[in-house]
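One structure below.
Just so you know, these numbers use all the heavy atoms, side chains as well, and skip hydrogens, waters and symmetry mates.
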Amino acid sequence: EWVLASVTASKWLNPEAFEFKELPSERSRKAHSDPNFKGLFHGEHVFVRKGVEPGQSILQELFLICGAVIVPEEESASTVIAAQGEPGGISPKWLLDSLIVFEKLDAEGYLTAPISPSV
């Protein structure tokens, strides 16, 4: 549509007017143009357990880029990323899916295993 309208106008038109407003790229562009935007995961204190895929260092780097703080101990984390089947964690898929849609998704649907009640 943008190309056809530009041809009709005999000049390149501003492509932003033709963007789909609900696409993640539009949300991302708007967020990153806001000087107060500190990252999709700003405020999260994240601990990434070993044995996750993608690897621990890759996930830590992604969280850092997105404004989170990586903590050295699981006990001080607000979010624990774990491999599937490990209790008390959230799947790395939560981060990846959130980045795809550029929206911090509800982590509830990404729990790696139910937490056993303490006796």
Considering only distance and modelled atom types, tabulate donor-acceptor pairs under 3.5 Å from the side chains of residues 51-71, sequence neighbours left out.
residue	atom	partner	partner atom	Å
Q56	NE2	V48	O	2.6

Could you give the side-chain donor-acceptor pairs of residues 83-97 under 3.5 Å, partners two or more places apart or in another chain?
residue	atom	partner	partner atom	Å
Q84	NE2	T112	O	3.0
E86	OE1	R49	NH1	3.1
S91	OG	K93	N	3.0
K93	NZ	D97	OD1	3.1
K93	NZ	D97	OD2	3.0
W94	NE1	L105	O	2.6
D97	OD2	Y110	OH	2.8

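- Atom CZ of F47 and atom OG of S76 lie 8.5 Å apart (nearest 0.5 Å).
- If you take CD on E74 and OG1 on T79, they are separated by 11.5 Å, rounding to the nearest 0.5 Å.
- Taken from NE2 in H45 to OG in S78, the straight-line distance is 6.5 Å, to the nearest 0.5 Å.
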Which atom pairs, donor and acceptor, lie under 3.5 Å between side-chain atoms of residues 5-12 and protein residues at least two apart or in another chain?
residue	atom	partner	partner atom	Å
S6	OG	W2	O	2.9
S6	OG	L13	N	3.1
T8	OG1	L4	O	2.9

